Trainee: 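Mind having a look at this structure? Questions to follow.
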Amino acid sequence: MTKKTFKPAHLELRHKTYFALLVVPKDVRHIVGKSKFFETTGTGDLRIAQSLATFKVIKWKAEIAAARTRTSDPDINSAIELQRMFKTSPAHLVQDVIDEETSRIENETGLLSAETFNVIATGKRKPLTIFIDEWVKNEQRRGLAAKTIAQMKSDVEVLVSFLTTSNLLVYEHTNLWIRHVTKTANLSPASVTRIIGSCRNFFKHLKFIGEVSEDTKEPFIVPKESKLSKKRNSKAQNKTESWLPFSAGEVERLYSEAIVRKDWTLGQLILIGAYTGARIEEICSLKKEHTDLKEKSIKITDSKTEAGVRIIPIHQNLLPVINELMTTGDEYMIANLTKSKFDDRSNAIGKRFGRLKTKLGYSKRHVFHSIRKTFTTQLENAGVNENVTADIIGHEKPRMTYGLYSGGTNLEVKRVAMSKVYYDFKNP
């Protein structure tokens, strides 16, 4: 049998001394700042040079991996690559590189960063970033709205950029993290509560897949200074304040101002909201095919809740507007609205309403949803039964008997109730 010739790799002989070299891939040369790594081994002995070159190449490949953006942290990228190299390179050399890099990171950025690098590089832990995509898919399968999932993902990405492995998800660390983020980003209590909720959801996923032990204590708790309360007598520092209703006269004023601005579409939106109590996205997603002019009714199909899917009468004062809108060529009742990346049609026109009400001097507690409160307030003041109101505006019934066993208020009862809603809108 012919003996195999030893072929050195990543070596170049110059003046009786071997140099280690590694060509840098084109896609990361602008990040690394060179087209190749090149360094002397300090020896002319081929086999010693090969061992030294292998050690250097392992470090260089980790640096190249760090330059690629699998995560935002170059040390984590390097750790991921080193962990993979255990399968393709001499294990003792890879471990030597890990030990050297762990010491470097500890000196430069601290013990916590060094330990995180080490547990990933040695395969004891995986970076949390690799679990996010599957978690997102699970939330999609659950039927959560795309906009909600995108916000949750953004919240969790903030978490894993600070606490990169599951062993760090303990209250000692998560509490410091959320307080730090709250202070540096000047987050509102509502934002803090939302972020904590997203992280809890992700933590449950980590338990489900076994990355975190099932009996691990919940590490995500809203700090006292960021807790919200709706109770008037609460001692919490941050009390939530609900939206305020407009008066009927204020809704009329909003409509008139929209017409003065020649924003006919916004005017139509205000009118439909005033006479139906529907949410803004329910109105903007309303299609003509869901309008029955014979029965004088519309069907709300795109609602945030099951109770929100409902049929409601067209108010007699709204009927002329609906008849006019039905003549346009668009499939939607309110035409020519642009969609957001989450397929919401209300985004842009909602902002127009926000600018309009702000110009008229209304507070942050006055939003388009305030018109829904105006509508509901008129029904209450007219003595309409609460169960009938719930069926009109798309809420769960307040009591079990009707909520669980009733088939719902019929169209004529709703029509009589809605006839008690009144505004004095001036025609343009």
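Computation of the quantities below employed the complete heavy-atom set of this structure, encompassing side-chain atoms and omitting hydrogens, waters and symmetry-equivalent molecules. Computed from a predicted structure; not experimentally measured. Positions are given from 1 along the sequence.
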Trainee: With heavy-atom distances below 4.5 Å as the criterion, would you say the side chains of Leu168 and Trp177 are in contact?
Mentor: no
Trainee: Quick one: does any side-chain atom of Ser297 pair with a main-chain N or O of Ile311 as donor and acceptor, under 3.5 Å?
Mentor: no
Trainee: Lys359 and Glu257: side chain to side chain contact (heavy atoms under 4.5 Å, CB included), yes or no, with the steps?
Mentor: CA-CA 10 Å; Lys359 181 186 177 183; Glu257 183 65 22; 3.7 Å; yes
Trainee: Before giving the answer on side-chain hydrogen bond (donor to acceptor under 3.5 Å, both in side chains), spell out for Lys288 and Thr328 the whole-Å C-alpha distance, their side-chain angles and the decisive distance to 0.1 Å.
Mentor: CA-CA 10 Å; Lys288 293 175 182 175; Thr328 63; 2.7 Å; yes
Trainee: Can you tell which of Phe37, Phe38, Phe55 makes a ring pair (Phe, Tyr, Trp, His ring centres under 6.0 Å) with Trp60?
Mentor: Phe37
Trainee: Do the charged groups of Asp263 and Arg352 touch, with an N to O distance under 4.0 Å?
Mentor: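 Counted as a salt bridge, because a side-chain N and a carboxylate O are separated by less than 4.0 Å.
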Trainee: Is Glu12 paired with Arg14 through a side-chain N to carboxylate O contact shorter than 4.0 Å?
Mentor: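 Salt bridge present between Arg14 and Glu12.
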Trainee: Answer yes or no: is there a donor N or O on one side and an acceptor on the other, between the side chain of Lys357 and the main chain of Leu254, under 3.5 Å?
Mentor: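 Absent.
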Trainee: Give a yes or no on whether the ring-centroid distance for His180 and Phe162 is below 6.0 angstrom.
Mentor: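 So the answer is yes for these two rings.
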Trainee: So how far is it from Asp344 CG to Ser285 OG, rounded to the nearest 0.5 Å?
Mentor: 9.0 Å
Trainee: Under the side-chain contact (heavy atoms from CB on, under 4.5 Å) test against Thr122, which residue among Asp99, Val94, Ile98, Leu82 passes?
Mentor: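 Filter result, single survivor: Ile98.
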Trainee: Should we say atom NZ of Lys126 is surrounded by more than 12 heavy atoms from elsewhere, each under 6.0 Å from it?
Mentor: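 12 or below, so no.
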Trainee: Less than 6.0 Å separating the ring centroids of Tyr255 and Tyr423?
Mentor: no
Trainee: Using side-chain hydrogen bond (donor to acceptor under 3.5 Å, both in side chains) as the criterion, list what pairs up with Arg179, not counting sequence neighbours.
Mentor: Asn175, Glu225
Trainee: Let me see the working for Arg310 and Ile312 under side chain to side chain contact (heavy atoms under 4.5 Å, CB included), right down to the final yes or no.
Mentor: CA-CA 6 Å; Arg310 62 201 186 276; Ile312 57 177; 4.1 Å; yes
Trainee: Strictly under 6.0 Å, is that where the ring centroids of Tyr171 and Phe220 end up?
Mentor: no
Trainee: Suppose we screen for side-chain hydrogen bond (donor to acceptor under 3.5 Å, both in side chains). Which residues come up paired with His205, at least two apart in sequence or across chains?
Mentor: Asn138
Trainee: Side chain to side chain contact (heavy atoms under 4.5 Å, CB included) between Phe19 and Lys56: does it pass, once the steps are laid out?
Mentor: CA-CA 10 Å; Phe19 284 74; Lys56 294 179 185 296; over 6 Å; no
Trainee: Thr40: which residues meet the side-chain hydrogen bond (donor to acceptor under 3.5 Å, both in side chains) condition with it, sequence neighbours left out?
Mentor: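 Result, side-chain hydrogen bond (donor to acceptor under 3.5 Å, both in side chains) vs Thr40: none returned.
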Trainee: So among Leu21, Leu52, Val57, Leu46, which one has a side-chain contact (heavy atoms from CB on, under 4.5 Å) with Leu11?
Mentor: Leu46
